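Input: a single structure, listed below in C-alpha cells.
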Amino acid sequence: MIRKVKGTRDVLPPDSRLWVAVENTAHRVFDGFGYDEIRMPVMESTELYVRSVGEDTDIVAKEMYTFADRKGRSLTLRPEGTAGVARSYIENGLGQRPQPLRLSYFGPMFRYEKMQRGRYRQFAQIGIELLGAATPVADVEVLLVLHTFLAEFGFDDLVIVLNNLGDPEDRPIFIERFKSELAAEKADLCSDCQRRWDANPLRILDCKVPRCRELVANTTPVADVANPEARAHVEAVEKGLEDLGVAVRRAPRLVRGLDYYLRTVFEVVSPKLGEDTVICGGGRYDRLIKDLGGSQVPGIGFAIGEDRLVEVLPDAFRRKVLSRPVIAVVPIGPEAATAGLALSRRLALAGLTAPAEVTGRSLKAGLKWAGKIGARAVVILGESEIAAGTAIVRDLEKGEQETLRLDEVADYTRRLVANAEEA
Ligand code: HAM
C-alpha cells in the first residue's frame, strides 16, 4: 500500500464540511470588509523567502521544501503567503491600483517541521494583507477583521496577544541591551539559544525551554526600547481596539518567527492547543516590499492556520455543520432512475441535500441505504408514482409517509428538515 507523505493529511468527509464552512465564513467576512482573494503559485524562487522571511529564521534555515527544477533553478514550496503577496504586488504593479489594497488568500503551505498535534508539513492558511496604509487604524482594521471572523464560530476561549517590536532602527539598541542583561547567564541558555545569540538573538525570547524562559523573563521588554513614534503607533492601535470592544492582551515577550515584522505583532492563542501551537500569527511589515525591490509600501496582515482552527472549533458550530439533514431519493426500478435524478436536481436547487440511489437497489435495500447515510426522509419514486406525477415522502423519524405531487416535495421536505433543526 502506498501511504501519504509524512506530515500531510487527508481531510475526509464529513470533516471536510467543517473546512468548507470555515472557508465560506472567511470569504463572507473578508469580502464584507473589502478584501478580494489573490491566488498565488505554491512555488516561488527560493530567493524570495531568503530575502523576506530571513536567512536566520527556522523557516528558511531548516524547514523549506527547496529543490532544483530541471533547469537547475532553486525553487521552494511556499512556507507562507506574505512574501508571495509582496512579490506579486511588485511584479503586477498593484501599486497602480487605488490604495490601500485589501487581499485575502487561502491554500496550502509547506514547512518541514517535527510532527506533533497541530503541526503538519503541509498545512493550510487563511490570510489577509492590507497594503498601502501605515496608520494605526489600518492595524485596528486587520485585527477587527480577525476578531469578527473568529466570533462567527462562537469561540469563547481564544485570546489575541499583541506586542510592539519597534522599528528596525530600534533593534540593535534592543539587542545590545538584551544581551548585556543576559550576558552573565549566557552559558545557561540552551544550545539552540547559544546559536541564536549571534544569528538571531530576538528568537531567544521565543525559546520554549523552561530555563531560557526563566532567564528572559526579567529582561527589558522590546517595546520599552521602541522609538516614541513606534510606541505611539501601537498605543493608538490598542486604543482603537478598545473603542471597538476588541479585547487584546499585551504580551511583552512576543516575537515572531519571521524577520519582516516591525511595530505591531500579534498571535491568537487557544487554551485547547496551548501557547506553542497558535491559531494565527500576524503583524506589520512596512519595509518588506521595499526590501524586495518595490517602492515604500507599508503592509499589515495575518494568517490563520486552518488545520488548527478546525481542530478547536466550538462544539455547537461543529454540530451545526456536521448535522446537515439529508433527503434520500429512492427510485424503484430502471424506469424510475432518471426521474430520481430529476427529483434530486429539483431538491438540490431548492437548497436541500438530496442524493439519489443510483445502484439499482430494491425498495427495501434503498430504505436501508437511506438509514445508513442518516437520511431524515426518503422520497420514493415507484412506477405508479411516476405515472401519477407524484412521490411518496417517508419521514424516517416519525415513520409516517405521505403521497405528494412532485412540485410539492421540495417545500414539504424543507419544512420537515426545518422542524427537525428547531427541535
Ligand atoms: P506564521 O505564524 O508563521 O505567520 O503562520 C501563521 C499560522 O499558520 C500559524 O499561527 C499557525 O496557525 C499556522 N501554521 C504555521 N506552521 C504550521 C504547521 N507546521 N502546521 C500547521 N499550522 C501551521 C505567517 O505565516 C505570516 N505570513 C503571517 C502574516 C500574514 N503576517 C503578516 N501577514
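Counting from 1, the numbers follow the sequence of the chain as shown. As the structure is a prediction and not an experimental result, all values here were calculated from the model. Start at 1 and go down the list; that is how both ligands and their atoms are numbered. These values consider heavy atoms only, across backbone and side chains, with no hydrogens, waters or symmetry-generated copies.
Within the listing of ligand 1, atoms 16 (N), 17 (C), 18 (C), 19 (N) sit less than 4.0 angstrom from a heavy atom of E113. Ligand 1 places these atoms under 4.0 Å from at least one heavy atom of G282: 31 (N). Ligand 1 places these atoms under 4.0 Å from at least one heavy atom of R119: 19 (N), 20 (N). Using a 4.0 Å cut-off to heavy atoms of G281, the atoms of ligand 1 that qualify are 10 (O), 28 (C), 29 (C). Within ligand 1, counting atoms from 1 as listed, the ones closer than 4.0 Å to a heavy atom of L258 are 3 (O), 4 (O).
Of all the heavy atoms of F266, none lies under 4.0 Å from any atom of ligand 1, so neither backbone nor side chain is involved. By the criterion of a heavy-atom distance under 4.0 Å, the side chain of E129, and not its backbone, is placed next to ligand 1. Counting heavy atoms closer than 4.0 Å to ligand 1, residue Y112 contributes nothing at all.
Under 3.5 Å, the side chains of Y285 and T82 contain no donor-acceptor pair of N or O atoms.
The residue among R256, E80, K114 with a heavy atom at the shortest distance from atom 4 (O) of ligand 1 is R256. Remark: among candidates G84, G301, G81, A303, the nearest residue to atom 32 (C) of ligand 1 is G301, based on non-hydrogen atoms. Nearest-residue assignment for atom 11 (C) of ligand 1 (options E267, R308, R117, E306; heavy-atom criterion): R308. Which of Y120, F123, F110 comes nearest to atom 15 (C) of ligand 1 through a heavy atom is settled by distance: it is F123.
Taking 4.0 Å as the cut-off between side-chain N and carboxylate O, R73 and D69 count as a salt-bridged pair. Under the 4.0 Å criterion applied to side-chain N and carboxylate O atoms, R308 and E311 are not assigned as salt-bridge partners. With respect to R287 and E169, a salt bridge is recorded, a charged nitrogen being found less than 4.0 Å from a carboxylate O. Look at R263 and E229 and you find a salt bridge, because one of the NZ, NE, NH1 or NH2 atoms lies within 4.0 Å of a carboxylate O, short of that distance. Salt-bridge annotation for R177 and E181: present, with a side-chain N of the basic residue lying under 4.0 Å from a carboxylate O of the acidic one. Checked for salt-bridge contact, E275 and K208 miss the test: no charged N lies under 4.0 Å from a carboxylate O.
Residues K239 and P136 form no side-chain contact, since every pair of their non-hydrogen atoms from C-beta on lies 4.5 Å or further apart.
Using a 4.0 angstrom heavy-atom cutoff, G257 does not count as in contact with ligand 1. At least one heavy atom of I279 sits closer than 4.0 Å to an atom of ligand 1. For the ligand labelled ligand 1, residue Y105 lies inside the 4.0 Å heavy-atom shell.
Nearest protein neighbour of atom 13 (C) of ligand 1, counting heavy atoms only, is G305 CA, 3.5 Å. Closest to atom 3 (O) of ligand 1 among all protein heavy atoms lies R111 NH2, 2.9 Å. Protein heavy atom nearest atom 21 (C) of ligand 1, with residue, atom name and distance: G118 O, 3.2 Å. Nearest protein neighbour of atom 31 (N) of ligand 1, counting heavy atoms only, is Y261 OH, 2.6 Å. Ranking protein heavy atoms by distance to atom 12 (O) of ligand 1, first place goes to V278 O, 2.8 Å. Nearest non-hydrogen protein atom to atom 5 (O) of ligand 1 is Q125 NE2, 3.2 Å.
In terms of polar-atom proximity, defined here as any N/O pair under 3.5 Å, I59 makes no such contact with ligand 1. Where the criterion is an N or O separation shorter than 3.5 Å, residue side chain and backbone included, T82 meets it with respect to ligand 1.
Checked options L143, L144, T148; the residue passing with L244 is L144 (criterion: side-chain contact (heavy atoms from CB on, under 4.5 Å)).
Between F106 and H27, the ring-plane angle classifies as parallel under the 30° and 60° cut-offs. Ring planes of F317 and F153: perpendicular class, angle over 60° (limits at 30 and 60°).
By the neighbour-count criterion of 12 heavy atoms within 6.0 Å, atom OH of Y112 is sparsely surrounded, having that number or fewer from other residues, nucleotides or ligands. Residue M43 qualifies as open at atom CE: its count of foreign heavy atoms under 6.0 Å is 12 or below.
Between the E44 side chain and the L48 main chain, no donor and acceptor come within less than 3.5 Å of each other.
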